[in-house]
Amino acid sequence: MDENKSNLPATTKKGNLKRYEDDSKYFSFPNSPASNTMINVVSHAGDLETFANRLEHNSHSTQLEFFTPPEGTTKDLSQRVKYSTDNTETTIHLDNIDLFTKANKPLKKILTYTLVKLSKENVTENLDRDISIKFPLEDFVDLGCYKTLRTARQAFNQAKNPLTSIKIEGVVRDKKDMKQITDSGIEVLFTGAHIKNGIVEIYLNKRINWEVFALQYFSILPKTYFSLSDNAADTLLNIVMLARKRLNDIGKNGYFNMSFKTLQQILDLPDENVTKNPGRDIKEPILNAIAEISEMENGDIVIEPMYNTNGNIIEFLEEGYARISLHNEYLEYFGDLAKTKKAKIENTMKKREEIAEKAKIKALANKIEKDEKSKK
């Protein structure tokens, strides 16, 4: 389930992109630690320090480290962030924070769709030539992201500059190996982007190890993501990214939980001690996002808010959570991943037990041999 070896999109003799037809409810979506890191940093460019503080509180295995901006720039204009997890160390460099905050809404969905299309590309071959992603601008209209081609074009043109300004470097740990994301130092991810004859083309930096950066692991992203409101879309995307980490829960129960503190972090909602109306500013956005996803997914993904309706905002955030139940194709997909993970763990433990047993037998044989020699 983790592999995706599909070829480049087909083209006609005239070179026009042939429309990719897919009747399934979801897209294959790269769900690797480094690409998830990039999405998180870009999504919270407006207030990365608040995001970092909440991340440290909600996830003890993840942290953000801020670097001094380059000489001649101010912290508000340029930000360099090192995002560390158990498996990766990824540094994201955003040269112009203002550029990212102004275009953040269209950028997030366009960046997500770029990764969706990346999962269909064979980017590890023919690196001597320029590599790029192509898709019809009309895709954004068909998916319900925008109502007209005109608004889709405007959104893409707004997101184009920040999209081609994301810089990255880092390493990914694969078992005992350390693999570099870039060949040398910090590199821009996308070297260019444009629309020509209704076709979007985004150029990929050949000095990025795309396999390591994004194409190690995959998840499934419901196509409804693109037609959801911003809060619901952000929530759904993070549910998709979190699901792979909760395979044990999914395999055992068919559901997993996401705390309301995490949703506060994801949606960049105000601090509960600062806002004068936490019900309107924190509680309602969380509950509305949950309800919108459940309604749109129509039984495939059911999200139940679990909290004390009589409690205050502190109790709501600290003890409340969303129970995310998967059904039909989604449960089958993640259920299969859970079985694969369980089988790998059991196989590893069996091998360790066999090695330990052999060591015991050898030690016992050595002891018997030593005792027999001492008797002589």
Side-chain angles (χ1 to χ4, degrees), residues 3-12 14-22 24 26-32 34-39 42-43 92 100 103 106-143 145-146 149 152-168 181-183 187-221 223 225-226 237 240-241:
E3 300 299 325
N4 193 318
K5 302 296 183 183
S6 57
N7 296 322
L8 291 168
T11 57
T12 66
K14 293 182 179 180
N16 295 326
L17 185 67
K18 191 175 182 180
R19 191 62 179 274
Y20 178 76
E21 297 294 337
D22 189 350
S24 68
Y26 54 80
F27 288 119
S28 174
F29 179 72
N31 194 27
S32 297
S35 58
N36 289 352
T37 291
M38 183 265 296
I39 290 173
V42 169
S43 296
I92 309 293
F100 284 86
L107 174 62
K108 284 191 284 189
K109 287 187 178 179
I110 288 170
L111 176 59
T112 300
Y113 196 60
T114 299
L115 292 177
V116 164
K117 303 306 288 187
L118 176 66
S119 74
K120 303 180 187 303
E121 302 284 343
N122 191 347
V123 297
T124 59
E125 296 182 3
N126 301 320
L127 293 180
D128 55 318
R129 301 197 298 266
D130 287 338
I131 51 177
S132 65
I133 295 169
K134 294 181 181 180
F135 56 88
L137 179 65
E138 192 177 355
D139 281 3
F140 292 125
V141 178
D142 292 343
L143 289 167
C145 196
Y146 298 102
L149 281 174
R153 184 182 295 272
Q154 290 173 342
F156 182 82
N157 286 332
Q158 186 182 6
K160 181 173 62 177
N161 286 340
L163 181 71
T164 54
S165 300
I166 303 169
K167 295 180 181 178
I168 190 170
I181 293 174
T182 60
D183 290 345
E187 293 274 2
V188 66
L189 272 177
F190 308 107
T191 57
H194 64 86
I195 303 172
K196 186 176 181 180
N197 297 327
I199 301 297
V200 174
E201 185 167 20
I202 300 170
Y203 290 91
L204 310 177
N205 189 339
K206 292 185 288 188
R207 293 185 296 276
I208 301 290
N209 187 332
W210 291 96
E211 190 78 25
V212 171
F213 170 67
L215 304 178
Q216 289 182 306
Y217 306 103
F218 291 86
S219 189
I220 52 177
L221 178 68
K223 291 181 177 179
Y225 161 83
F226 293 96
L237 183 61
V240 166
M241 293 192 288

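Positions are given from 1, in the same order as the sequence printed here.
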Any chance you could measure [X], atom [atom1], to [Y], atom [atom2], to the nearest 0.5 Å?
{"X": "Asn205", "Y": "Phe213", "atom1": "CG", "atom2": "CZ", "answer": "11.0 Å"}
{"X": "Lys134", "Y": "Ile202", "atom1": "NZ", "atom2": "CD1", "answer": "12.5 Å"}
{"X": "Leu137", "Y": "Asn197", "atom1": "CG", "atom2": "CG", "answer": "12.0 Å"}
{"X": "Trp210", "Y": "Ile131", "atom1": "CH2", "atom2": "CD1", "answer": "7.0 Å"}
{"X": "Asn31", "Y": "Ser119", "atom1": "CG", "atom2": "OG", "answer": "11.5 Å"}
{"X": "Leu118", "Y": "Leu215", "atom1": "CG", "atom2": "CG", "answer": "4.5 Å"}

Heavy atoms, side chains only, cut-off 4.5 Å: are [X] and [Y] in contact?
{"X": "Thr182", "Y": "Arg207", "answer": "no"}
{"X": "Phe190", "Y": "Leu204", "answer": "yes"}
{"X": "Asn209", "Y": "Ile181", "answer": "no"}
{"X": "Lys117", "Y": "Phe27", "answer": "no"}
{"X": "Leu115", "Y": "Leu221", "answer": "no"}
{"X": "Pro30", "Y": "Phe218", "answer": "yes"}
{"X": "Phe29", "Y": "Leu237", "answer": "yes"}
{"X": "Val240", "Y": "Ile220", "answer": "no"}

With no hydrogens and no angle check, is any side-chain donor or acceptor of [X] less than 3.5 Å from a backbone partner on [Y]?
{"X": "Thr164", "Y": "Gly192", "answer": "no"}
{"X": "Lys108", "Y": "Val42", "answer": "no"}
{"X": "Ser132", "Y": "Glu201", "answer": "no"}

Of all the heavy-atom pairs spanning [X] and [Y], show the shortest one and how long it is.
{"X": "Ala214", "Y": "Ser32", "value": "O-OG, 2.9 Å"}
{"X": "Thr114", "Y": "Ile133", "value": "O-CD1, 3.5 Å"}
{"X": "Ile199", "Y": "Pro136", "value": "CD1-CA, 3.9 Å"}
{"X": "Lys223", "Y": "Ser24", "value": "NZ-O, 3.1 Å"}
{"X": "Ile166", "Y": "Met38", "value": "CG2-CG, 4.0 Å"}

Can you list the residues that meet the side-chain contact (heavy atoms from CB on, under 4.5 Å) rule with Asn157, with sequence neighbours excluded?
->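 side-chain contact (heavy atoms from CB on, under 4.5 Å) check on Asn157 returns Arg153, Lys160, Ile195.
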
Apply side-chain contact (heavy atoms from CB on, under 4.5 Å) to Lys167 and list each qualifying residue two or more places apart in sequence or on a separate chain.
->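 Counting only residues at least two positions away or on another chain, Lys167 forms a side-chain contact (heavy atoms from CB on, under 4.5 Å) with His93, Asp95, Ile186, Val188.
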
Looking at Phe156 versus Phe140, is the centre-to-centre ring distance below 6.0 Å?
-> no

Sequence neighbours left out, what passes side-chain hydrogen bond (donor to acceptor under 3.5 Å, both in side chains) with Thr112? Give chain and number order.
->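 Thr112: side-chain hydrogen bond (donor to acceptor under 3.5 Å, both in side chains) contacts with Tyr225.
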
